[in-house]
Amino acid sequence: MSVFGNYARYYDLLYQDKDYVGEAKFIVELLKLYAPCTQSILELGCGTGTHAILLAKENYQVYGVDLSSEMLDKASDRTLQLPQQLSSRLKFLQGDIRSIRLEQQFDCIISLFHVFSYQTTNEDLQAAFLTAKTHLKPGGVLIFDCWYGAAVLSDRPTVRIKRLEDEQVQITRIAEPIMHPNDNLVDVKYQVFIKDKGNGVVEELQETHRMRYLFKPEVELLLKQFEMELLESREWMTNKEPGFDTWGVYFVVRN
């Protein structure tokens with residue numbers, strides 16, 4: 001299910017405008033509210049490790065799991081540049097969030113940037129929730145975000161073009177969505193052009209990311225299956241009540 005092969009090389013550049021610092025602070029505030037005794041965090045879908053490192057700086061022990069070895073290589077490289085006292089609070093491992101078993105439990109599990117929306121079948125979602133259930137201590141919390149169905153259907157995805165650059169490359173990314181309304185899915189077809197500033201050579205990448213949008217009642221039904229309790233669901237980063245314009249919603253779940 002890896003869709004971040006070649007794409008991983010330019011992931012950090014493509015999302016350089018993402019407010020990782022603000023998001024990490026938002027998670028910390030949620031933890032203070034719903035799980036104030038948290039010391040250990042498992043991050044399912046850690047990517048290149050930015051959230052994990054920021055949370056480790058807040059004195060949490062963070063274990064990051066990701067399916068992409070390319071993403072994890074970047075996370076490990078970053079860890080090597082950190083002071084030993086900080087790097088000792090970080091660990092990264094390759095694995096599928098539907099099947100990985102670590103033989104340990106955590107105070108909190110986080111899964112950010114719509115990782116749960118990449119679980120596109122009912123079986124995928126059930127497996128991901130089972131992984132969370134298995135690795136949460138009794139009374140621990142799961143915090144995840146996803147594409148929210150009410151907004152996806154009301155404010156439908158459109159073709160988007162993103163342009164950015166650094167010292168070495170210029171990147172143009174075209175994202176073309178194709179909706180599958182009877183399956184609650186959107187295929188986002190990415191076409192990425194990377195121009196080397198040094199020699200002018202242009203590389204083209206194409207990847208399709210299949211995303212599932214979720215609704216609160218189906219999340220509640222899945223949680224009931226695993227005897228987990230929904231504590232809160234609100235707009236990511238704003239805490240507003242979700243509505244027809246709320247693409248990103250987070251859920252706080254008690255084990």
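All of these numbers come straight from a predicted model, not from anything done at the bench.
- Between R234 and E241, at least one side-chain N (NZ, or NE/NH1/NH2) sits under 4.0 Å from a carboxylate O, which counts as a salt bridge.
- One distance of note links OH of Y213 with OG of S117; it measures 11.0 Å at 0.5 Å rounding.
- Cluster membership check: L230 does not share its hydrophobic cluster with Y34, using side-chain heavy-atom separations under 4.5 Å among Ile, Leu, Val, Met, Phe, Trp and Tyr.
- Considering CD of Q84 and CZ of R89, their distance stands at 9.5 Å, rounded to 0.5 Å.
- Looking at S154, its side chain never comes within 3.5 Å of a backbone N or O of A151 through a donor-acceptor pair.
- Looking only at atom types and distance, the side chain of T208 has no donor-acceptor partner in the side chain of D187 under 3.5 Å away.
- For the residue pair Y190 / H209, no side-chain donor-acceptor distance below 3.5 Å is found, with atom types taken as modelled.
- Donor-acceptor pairing under 3.5 Å is lacking for the side chains of D245 and Y148.
- Within the hydrophobic cluster formed by Ile, Leu, Val, Met, Phe, Trp and Tyr side chains joined at under 4.5 Å, directly or through other members, L221 stands alone, with no partner residue.
- Y20 has its side chain out of reach of I53: every pair of non-hydrogen atoms, C-beta onward, lies at least 4.5 Å apart.
- Side-chain contact between S111 and D145: absent, with no pair of heavy atoms (C-beta onward) separated by less than 4.5 Å.
- A donor-acceptor pair is defined here as one N or O able to donate and one able to accept, closer than 3.5 Å; no such pair exists between the side chain of T246 and the backbone of G248.
- A salt bridge does not link K25 with D19: every distance from a Lys NZ or Arg NE/NH1/NH2 to an Asp or Glu carboxylate oxygen is 4.0 Å or more.
- Ion pair R212/E218 flagged as a salt bridge, since at least one NZ, NE, NH1 or NH2 atom sits closer than 4.0 Å to an Asp/Glu carboxylate oxygen.
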Using the rule given for side chain to side chain contact (heavy atoms under 4.5 Å, CB included), can you reason through I97 versus V115, listing the C-alpha separation, both sets of side-chain angles and the distance that settles it, and then say yes or no?
CA-CA 9 Å; I97 76 166; V115 168; 3.7 Å; yes
Derivation and outcome, salt bridge (Lys or Arg N to Asp or Glu O under 4.0 Å), residues K197 and E165:
CA-CA 9 Å; K197 288 184 175 181; E165 62 184 283; 2.5 Å; yes
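- In this model, no donor atom of one side chain and acceptor atom of the other lie less than 3.5 Å apart for Q39 and Q61.
- Grouping the Ile, Leu, Val, Met, Phe, Trp and Tyr side chains by contacts below 4.5 angstrom, directly or via other members, places F244 apart from W247.
- When all heavy atoms of A132 and I109 are compared, the pair lying nearest together is O-CD1, 3.3 Å.
- A distance of 11.0 Å separates CD1 in I143 from CD in E232, rounded to the nearest 0.5 Å.
- Remark: R98 does not engage E123 in a salt bridge, criterion side-chain N to carboxylate O under 4.0 Å.
- In this structure, R254 contributes its side chain and G139 its backbone to a donor-acceptor pair below 3.5 Å.
- Cluster annotation: L55 is connected to L30 through the hydrophobic network of ILVMFWY side chains, with a link wherever side-chain heavy atoms come within less than 4.5 Å.
- Between Q105 and P138, the closest heavy-atom pair is OE1-CD, 4.2 Å.
- Crowding of K133 atom NZ: a count of heavy atoms from other residues, nucleotides or ligands under 6.0 Å exceeding 12.
- Environment of CD in Q16: crowded, with over 12 heavy atoms of neighbouring residues, nucleotides or ligands closer than 6.0 Å.
- Under the 4.5 angstrom side-chain criterion for Ile, Leu, Val, Met, Phe, Trp and Tyr, the cluster partners of V159 are I161, I174, F193, V202.
- Between I171 and R163, the closest side-chain pair of non-hydrogen atoms is not below 4.5 Å.
- Of all heavy-atom pairs between V65 and G95, the closest is CG1-O, 3.5 Å.
- Taking hydrophobic clusters as Ile, Leu, Val, Met, Phe, Trp and Tyr residues chained together by side-chain heavy-atom distances below 4.5 Å, V253 does not share a cluster with I110.
- A salt bridge links K18 with E23: the distance from a Lys NZ or Arg NE/NH1/NH2 to an Asp or Glu carboxylate oxygen falls below 4.0 Å.
- Cluster annotation: L44 is connected to L223 through the hydrophobic network of ILVMFWY side chains, with a link wherever side-chain heavy atoms come within less than 4.5 Å.
- The line from OG of S99 to CZ of R101 is 7.0 Å long, rounded to the nearest 0.5 Å.
- Closest approach of A52 and L90 over heavy atoms only: O-CD2, 3.5 Å.
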Show, in sequence, the C-alpha distance, side-chain angles and deciding distance for Q191 and E176, and conclude whether the side chain to side chain donor-acceptor pair (under 3.5 Å) test is met.
CA-CA 8 Å; Q191 192 173 19; E176 179 184 6; over 6 Å; no
Chi angles and distances behind the salt bridge (Lys or Arg N to Asp or Glu O under 4.0 Å) call for D124, R210:
CA-CA 13 Å; D124 290 338; R210 173 160 283 194; over 6 Å; no
Test log, rule ring-ring contact (aromatic ring centres under 6.0 Å, His included), inputs F26 and Y250:
CA-CA 11 Å; F26 188 69; Y250 74 86; 5.4 Å; yes
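- Separating the CG atom in L102 from the OG1 atom in T134 is a distance of 10.0 Å, to the nearest 0.5 Å.
- Going from atom CG of L112 over to atom CZ of F144 covers 11.0 Å, rounded to the nearest 0.5 Å.
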Before you tell me yes or no, could you show the steps for I41 and F106 under side chain to side chain contact (heavy atoms under 4.5 Å, CB included), namely the whole-Å CA-CA distance, both residues' side-chain angles and the distance that decides it to 0.1 Å?
CA-CA 6 Å; I41 297 174; F106 301 81; 5.9 Å; no
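- Inter-residue side-chain proximity for V186 and V152 is flagged as met; some heavy-atom pair is nearer than 4.5 Å.
- Two residues are said to be in side-chain contact when any heavy atoms from C-beta on lie closer than 4.5 Å; P157 and V188 fail this criterion.
- In this structure the side chain of D66 never reaches within 4.5 angstrom of the side chain of T48, judged on heavy atoms.
- Heavy-atom neighbours of Q94 CD from other residues, nucleotides or ligands within 6.0 Å: above the threshold of 12.
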Between Q168 and I194, does the side chain to side chain contact (heavy atoms under 4.5 Å, CB included) criterion hold? Intermediate values first, please.
CA-CA 10 Å; Q168 285 80 39; I194 305 99; over 6 Å; no
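- At a threshold of 4.5 Å between non-hydrogen side-chain atoms, the residues Q126 and Q225 count as touching.
- Residues R78 and G49 come closest through the heavy atom pair NH1-C, 4.2 Å.
- Annotation: F251 is not in aromatic contact with F116 [ring centroid separation under 6.0 Å not met].
- In the displayed structure, E227 atom CD is contacted under 6.0 Å by at most 12 heavy atoms of other residues, nucleotides or ligands.
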Could you walk me through whether H180 and N184 pass side chain to side chain contact (heavy atoms under 4.5 Å, CB included), step by step?
CA-CA 6 Å; H180 304 279; N184 291 8; over 6 Å; no
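- For F92 against C46, the heavy-atom pair with the smallest separation is CD2-SG, 3.8 Å.
- Without hydrogens or angle criteria, T38 side chain to A35 main chain gives a donor-acceptor distance under 3.5 Å.
- Contact check for L222 versus V219: no side-chain heavy atoms found under the 4.5 Å cut-off.
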